[in-house]
Amino acid sequence: MTSPDTDPYTATVASLVRIIAGKTGYDEEKIAWLVATPSKPGYGDLSVPLVRFRRATGKAPEELAGEITGDPQFQSLPVEKYEVVNGYLNIWLDVPRIAGILAGLYSKGWEMRVPQTPSPKRIVVEHTSANPIHPLHMGHARNTSIGDTLARLLSARGHSVNRRYYVDDVGKQVAIVAFGFEILGVDPLEEARKKGMKPDALAGWVYAVTHTILEILEAKEKLEEAEEAEERKSIQEKIDDSMNTLAQLKSGDPGGYFDKLLEGIPRAGGPSRVREIMLRYERGLEPEKSLVRRIAKAVLEGIRETLSRLQVEFDAWDWESDLVWSSRVGRLIELARKSRFYTVWKGAEAIDIPRIIREVLSRDPEARARIRIPKGFEIPPLILVRSDGTTLYTTRDMAYTLYKFEQFNADEVVNVIGADQRLAQLQLRLALLGLGFRREALNTIHYDYEIVRLPGMRMSSRRGRIVTLDSILEQLKARAIVEVEKRNPTADKDWIEAVAEKIAVGAVRFTLIRTSAKRPVVFDVKRAVDLEENTGPYLQYTYARAHGILEKHGSIDYGAVDAQGCKEEKRRSLLLSALRFPLTAAKAADDMAPEDLASYLLRLADEFNSWYQADPVIREPDKGLRECKALLVRTVMDSLGHGLRLLGVPVLERM
RNA sequence: GGGCCCGUAGCUCAGCCAGGAUAGAGCGCUGGCCUCCUAAGCCAGUGGUCGGGGGUUCAAAUCCCCCCGGGCCCGCCA
């Protein structure tokens, strides 16, 4: 755990933890977290809750404290003093000694980094995977921010990470946009360029209009068949609602498309043509094959452009249709048919999930622990194939899960998918378990996150009622430009714009990462556009401030550092806080909890800003003390910089 | 009906998994700080029956049970 390039604080914690683990038998990782986070200042820099170990060890707090502090290893640690109070062993570190060691490391070109995991794995992180029918909205942005940040954290921790985007081009939604463009008779990429739009934005509109018109046509058919007044009334209400949506969509017509769609959709067969496109595409038949692919590709181009603004990149783009055409899905279905869990349910081919639970899961304690099923929770059989022979999403997703393991020779596959798909993901893992893919089933992790809502409503791409990520970025950027100009009146336009762009990106990514994934967020544009405290830009600003100080100060003379300067209360506390970065980042990676890193960085920035106000660096007359303070700034800056990079928040040297 | 998630200051959220030392930030509100390293900042003040009720424990925001409120899921959709 401790390598020669570990900073002295992290190394000290590691040693102390080892000592305690030896005396108590507790897990090192759990102790590290307890010890390194005293609840309040005044309780030491490290704090050992002795009472907690009483149950396991039977040792009285004073006795255990004596054993720990009497250990020869403990005596060699940079400890200034310690005391036993209220069942705690509170330890004050010898911060000047730590600062001295740190200065020595820096002078030799040392770089701070996240401690490497003792058990590196090969991990696939699949995220975003938005359907290629519309631009990314804030819901996708949460997925993207979480997924990309997880990938960065895991990779920094020493795992091999593979980032994949699943292009879901098989299915009804894509067929609907394709139908729309077929009627318009235009190429989405060319047409979007002509209208000065992004192709995904154009497609999103075409999708919403086509979908709504189809909905109305289908409802009208039902209305004719319906006999009861009650039923007729409810159908009529739905139609009225859709008509309203349609009217709103019409006002966003990029130019002469609306009427063409309105007339063309019924004439071309409406819903039946959509079904036909779907069927023929899944079989890889022309011209539908080229039509659908061309549109999906155009939309992806728009999506990719947005993603690159967010500094998100993928190692692979996996087309769902390729899995079907290459008969991977077919082979999986064949395998299922031979399985003893194959069944027919509601007249369709299916996998008997309840039986897998009874006969496999309940006899496999490890599997039961990894695939947790709520007690009393009924999971229905999983239907594999539609009556018309086309496949279902979950079936294809099973084939895809296996594909991901295979492609990267992965130990673990993390799927960043909304919490609304929990049941489907559970079914998928159980089905894989039943088909004999135990390793894959147990190592597929559904990293679920809650939806993003708009104040008072849920986003709906079917109705074109979404807040696109692009529009949020633009609004943020516009605000940021004003702020940057204010502070840099003489700077040139390009520089200002580039900085504002990074501020916008930082603001979006940070807001989406800082609250835990389990909490539903209401996305308030006004609040998101705020650039003040507790935001990404606040952290960027703090980093830039630290950078500015060091720039003015010039290169640090590490040999001249007066380490005793770090005895002063604010300085010693700030140095230790900054040095908590490696442990914090490692824990955030292991827990897959980016929000923990986010709140650590905010606390560090707060502490730095507070100190900055009170204790001048450059104007410090005493040379040794000045270098000591510069070392402090350097350490804070490194922690902030590394932290921001892990969160995908762009680092700015000036803003 | 069943299941999962959430409920902490007026608002947005940490803390809960691994129970312990006076429950923390930010926004808001009140008052102060730029001849001085970026005021996107700092300082001081304001503000909490930790949804409610039981239980376990020397100790509960944290663990267990019940209830209430909100969201989501239970499709030959994805």
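Chain identifiers are assigned alphabetically (A, B, ...) following the order of the sequence lines, protein sequences preceding nucleic acid strands; residue numbering begins at 1 within each chain.
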What contact category does V484(A) fall into here, base, sugar-phosphate, or nothing, at under 4.0 angstrom with non-hydrogen atoms?
base
Look at R337(A) together with E349(A) and state whether they make a salt bridge at an N to O cut-off of under 4.0 Å.
yes
Euclidean distance for P, C66(B) against G45(B) (whole angstrom):
44 Å
Would you say the side chain of R386(A) lies within less than 4.5 Å of the side chain of T391(A), judging by non-hydrogen atoms?
no
Please find out if less than 6.0 Å separates the ring center of H134(A) from that of H140(A).
yes
Whole angstrom value for the distance that separates P of C13(B) from CG of L601(A):
20 Å
Would you classify K570(A) as touching base, sugar-phosphate or nothing, given that sugar-phosphate means primed atoms plus P, OP1 and OP2, and contacts are heavy atoms under 4.0 Å?
nothing
Syn or anti for C17(B) (syn when the glycosidic angle lies within 90° of 0):
anti
Please report the distance, rounded to the nearest Å, between CG in L550(A) and C1' in U38(B).
14 Å
For atom P, what is the distance between G3(B) and C65(B), given to the nearest Å?
12 Å
Let's test this: given Watson-Crick or G-U wobble pairing with both distances under 3.5 Å, identify the partner of A44(B).
U30(B)
Less than 4.0 angstrom from a charged side-chain N to a carboxylate O is my criterion; do E497(A) and K477(A) meet it?
yes
Ranking C42(B), A14(B), G26(B) by distance to the side chain of S599(A), first place goes to A14(B)
Considering only C76(B), C4(B), G26(B), which nucleotide approaches the side chain of N534(A) most closely?
G26(B)
Round to the nearest Å and state the distance from D615(A) atom CG to G41(B) atom C1'.
16 Å
For P616(A), which contact category applies under a 4.0 Å heavy-atom criterion: base, sugar-phosphate, or nothing?
base
Scan Q421(A) against the nucleic acid and name what it touches under 4.0 Å (heavy atoms): base, sugar-phosphate only, or nothing.
base
Closest of C17(B), C74(B), C37(B) to the L423(A) side chain is C74(B)
Partner of C36(B) by Watson-Crick or G-U wobble geometry, both contacts under 3.5 Å, or none?
none
If you measure from the C1' atom in G51(B) to the same atom in U62(B), how many Å do you get, rounded?
16 Å
Verify the distance criterion only: is there a donor paired with an acceptor across the side chains of D606(A) and Y538(A) at less than 3.5 Å?
yes
Touch class at under 4.0 angstrom, heavy-atom based, for T394(A) against every strand present
nothing
Side chain of I451(A) (C-beta onward), nearest among G71(B), C76(B), G3(B):
G71(B)
What is the distance, rounded to the nearest whole Å, between atom CD of E607(A) and atom P of G24(B)?
16 Å
Cationic N near anionic O, under 4.0 Å, D615(A) to K570(A):
no
Measuring to OP1 and OP2 of A39(B), would you say a side-chain N or O of R545(A) lies under 4.0 angstrom away?
yes
Going by ring centres under 5.5 Å and near-parallel planes (under 30°), is Y612(A) stacked on G41(B)?
no
Using the closest heavy atom to pick a nucleotide of RNA chain B for each, name whichever of S387(A) or D591(A) lands nearer the 5' end.
D591(A)
Residue pair R654(A)/K172(A) against RNA chain B: nearer the 5' end by closest nucleotide is R654(A)
Does C77(B) have OP1 or OP2 under 4.0 Å away from a side-chain N or O of R386(A)?
yes
Is N609(A) side chain donor-acceptor paired with the A39(B) base, going by distance under 3.5 Å alone?
no
Under 3.5 Å donor-acceptor pair, S47(A) side-chain atoms to A21(B) base atoms
yes
I503(A) near the nucleic acid: base, sugar-phosphate alone, or nothing, with a heavy-atom cut-off under 4.0 Å?
base
Would you mind reading off the distance between I353(A) atom CD1 and C73(B) atom C1', rounded to a whole angstrom?
16 Å
Among the nucleotides G71(B), U38(B), A14(B), whichever has the atom closest to the side chain of M655(A) is U38(B)
Between C73(B), C37(B), A25(B), which nucleotide gets closest to the side-chain atoms of D420(A)?
C73(B)
For Y538(A), report the nucleic acid contact type (base, sugar-phosphate, nothing); a contact means any heavy atom under 4.0 Å.
sugar-phosphate
Which of these nucleotides, A18(B), C76(B), C6(B), is closest to any side-chain atom of R519(A)?
C6(B)
Have a look at N131(A) and say if it touches a base, only the backbone sugar-phosphate, or nothing, with a 4.0 Å heavy-atom cut-off.
sugar-phosphate
Is the terminal nitrogen or CZ of R580(A) (NZ for Lys, CZ for Arg) located under 6.0 angstrom from the six-membered ring centre of Y600(A) and within 45° of that ring's axis?
no
